[in-house]
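Following: one structure in structure tokens, then a few remarks.
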Amino acid sequence: MLTTTSTSTAPALVPQEQVTAEITEAHAATPPGAAQPRIDFPPYRSSVLRHPTKDLRHADPEGIELVAPVFGHSDVDPVEADLTIQHGGDPIGERMVVTGRVLDGDGRPVRHQLVEIWQANAGGRYIHKRDQHPAAIDPNFTGVGRCLTDADGNYRFTTIKPGPYPWRNHHNAWRPAHIHFSLFGTEFTQRLVTQMYFPGDPLFALDPIYQSITEQSARDRLVATYDHDVTTHEWATGYRWDIVLTGTHATPLEATFDDQDGEDHR
Amino acid sequence: MTATLEPTPGQTVGPFFHYALPYDGGAHLVPPGTPGAVRLHGTVYDGAGVPVPDALLEIRQADAAGATPRVEGSLARDGRFTGWGRAATDAGGRYAFTTVAPGGVRGGAAFFAVTVFARGLLDRLFTRAYLPGESDAFLAGLAPEDAATLQVVRDEAGDLRFDVHLQGERETVFLAYPRHRA
């Protein structure tokens with residue numbers, strides 16, 4: 001018999017080749033130009049029962065949806081932007097700075113808004129009770145950071161380059177190294193959670209989560225750029241990654257006034 | 001004029017957000033025991049009707065009088081009502097907020113704006129949780145069975161119950177706003 005004879009209740013994990021073929025098939029079946037991931041993406045097994053099957057309903061944002069929550073200096077301590085100083089010693093791995101601008105779809109800076117990140121350590125291990133990957137936990141690295149964008153929409157973190165890690169979506173499944181980002185715009189409708197990747201990762205083609213974005217140019221927007229001007233002498237490598245949220249419903253005229261008076265409207 | 005920029009695509013919140021996004025007091029928009037406080041709670045289900053233990057909900061709401069809060073302090077509330085909260089689901093797929101029932105903003109229907117994140121969900125989802133008896137043109141434009149998925153139920157304990165079905169027969173209606181690009 002060619003079928004599995006395993007008596008385990010857990011189904012055997014399919015090989016990478018099969019998942020890669022499923023990715024190719026899903027891409028071929030998706031019209032070009034998609035800006036967002038396909039939420040029904042069977043190569044990502046966990047998505048199968050967790051995506052809505054009906055079209056999203058178009059709604060005009062009202063009242064509370066047009067205003068984002070406000071975060072300020074009472075919420076976030078500036079030291080939270082440095083993930084390498086949260087414990088008694090230096091974390092293991094490549095120290096790096098990740099910085100960039102957060103903009104809305106009209107190119108306006110998203111000012112004084114909360115940016116949250118979380119990530120695995122250099123060995124690809126999260127400090128999470130459900131992460132059972134047998135890589136070392138780094139006692140000097142939690143992998144959680146926060147900051148506020150400045151008046152020009154810039155964010156900046158100092159951290160450690162995360163490692164890739166296995167995740168059991170299929171046999172020999174490995175996630176490309178990534179940092180999770182959580183972002184707020186000036187409206188509740190701009191909320192975004194995404195992942196930043198590193199240039200040239202050999203795991204890109206194999207990863208169903210990254211490949212759930214079927215358009216190459218859209219996938220490329222998740223990849224940071226190595227920036228030697230961000231790299232600092234004998235201290236840290238530097239990466240730049242800009243983030244674009246959806247457009248707001250504010251008129252361009254209002255934006256002009258915002259830009260001119262310079263200060264935030266918290 | 002600046003051309004419209006291409007949006008950064010979303011990605012799943014993944015399974016390991018629990019030590020990063022939830023925080024002490026995140027689900028308490030008002031302190032428990034506050035006069036007039038209600039529990040907004042429910043369960044997140046997948047397409048097989050199984051509770052989702054690694055989901056996260058955020059709500060944005062007006063105060064009881066329908067005023068929109070614009071004050072900082074959602075992470076370190078210090079007694080401030082900021083109209084925003086965050087709650088992860090537990091092992092049984094349940095979430096709960098302690099808050100006040102919102103008023104309608106500028107004469108509109110009273111609802112909680114809700115964002116749903118989960119492992120397995122490749123992009124966040126927006127929805128609305130309308131208070132019992134509230135309606136507006138959007139809700140009225142839905143088929144009754146769809147509208148029912150957006151209606152909060154007052155349960156036997158007097159709390160507000162709002163279940164989220166990511167998929168299935170009772171699939172929640174999820175929203176796209178103008179300027180969102182699929």
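Just so we're on the same page: letters track the sequence lines, and every chain starts at 1. Predicted, not measured: the structure shown is a model, and the values here were computed from it.
- You'll find the side chain of P37(A) reaches within 4.5 Å of the side chain of D123(B), heavy atoms only.
- Formation of a donor-acceptor pair under 3.5 Å by the H180(B) side chain with backbone atoms of T189(A) is found in this model.
- With a threshold of 4.5 angstrom between heavy atoms, R38(A) approaches chain B through N, CA, C or O but not through any side-chain atom.
- Interface remark: F117(B) contributes side-chain atoms only to the contact with chain A (heavy atom separation under 4.5 Å).
- Residues S74(A) and D78(B) are not in side-chain contact: their nearest non-hydrogen atoms beyond the backbone lie 4.5 Å or more apart.
- Proximity to chain B (any heavy atom under 4.5 Å) is restricted, for L114(A), to the side chain, taken from C-beta onward.
- Proximity to chain A (any heavy atom under 4.5 Å) is shown, for R119(B), by both the backbone and the side chain.
- Between the side chains of T246(A) and R179(B), no donor-acceptor pair of N or O atoms lies under 3.5 Å.
- For V48(A), the part lying near chain B is the backbone, with the side chain staying farther off; criterion is any non-hydrogen pair under 4.5 Å.
- In this structure, R181(B) and Q36(A) have side chains that are not in contact, with every pair of non-hydrogen atoms separated by 4.5 Å or more.
- The backbone N or O of K54(A) lies less than 3.5 Å from a partner atom in the side chain of E171(B), making a donor-acceptor pair.
- Residue pairs meeting the side chain to side chain donor-acceptor pair (under 3.5 Å) criterion with at least one partner in residues 34-44 of chain B, sequence neighbours excluded, are H41(B)-D155(B).
- Of all the listed residues (G63(A), G247(A), G33(A)), the one sharing the greatest number of non-hydrogen pairs under 4.5 Å with chain B is G247(A).
- Only the side chain of S182(A) comes within contact range of chain B, judged by heavy atoms closer than 4.5 Å.
- Among F17(B), F111(B), F174(B), Y19(B), the residue making the largest number of heavy-atom pairs under 4.5 Å with chain A is Y19(B).
- Here H58(A) is the residue among Q190(A), Q119(A), H58(A), H178(A) with the most heavy-atom pairs under 4.5 Å with chain B.
- For R124(B), the part lying under 4.5 angstrom from a heavy atom of chain A is the side chain only.
- With a 4.5 angstrom heavy-atom cutoff, S217(A) does not touch chain B via any of its atoms.
- Side-chain contact between P9(B) and R219(A): absent, with no pair of heavy atoms (C-beta onward) separated by less than 4.5 Å.
- Residue V114(B) touches chain A through its backbone alone, counting heavy-atom pairs closer than 4.5 Å.
- The aromatic rings of F71(A) and W84(B) sit perpendicular, their planes meeting at an angle over 60°, well past the 30° parallel limit.
- Within the 4.5 angstrom heavy-atom criterion, only side-chain atoms of I213(A), from C-beta onward, approach chain B.
- Ring geometry for F126(B) against F188(A) counts as perpendicular: the plane angle is over 60°, on a 0 to 90° scale with 30° as the lower cut.
- When heavy atoms are compared at a cutoff of 4.5 Å, D104(A) approaches chain B solely by way of its backbone atoms N, CA, C and O.
- Only the side chain of V173(B) has a heavy atom closer than 4.5 Å to any heavy atom of chain A.
- For the residue pair Y23(B)/E116(A), the side-chain donor-acceptor check at 3.5 Å is not satisfied.
- In this structure, R130(A) contributes its side chain and F16(B) its backbone to no donor-acceptor pair below 3.5 Å.
- Proximity to chain A (any heavy atom under 4.5 Å) is shown, for R77(B), by neither the backbone nor the side chain.
- E62(A) places a side-chain heavy atom less than 4.5 Å from the side chain of R128(B).
- With R50(A) as the partner, the side-chain contact (heavy atoms from CB on, under 4.5 Å) test is satisfied by one option alone out of T12(B), V44(B), D54(B), L122(B): D54(B).
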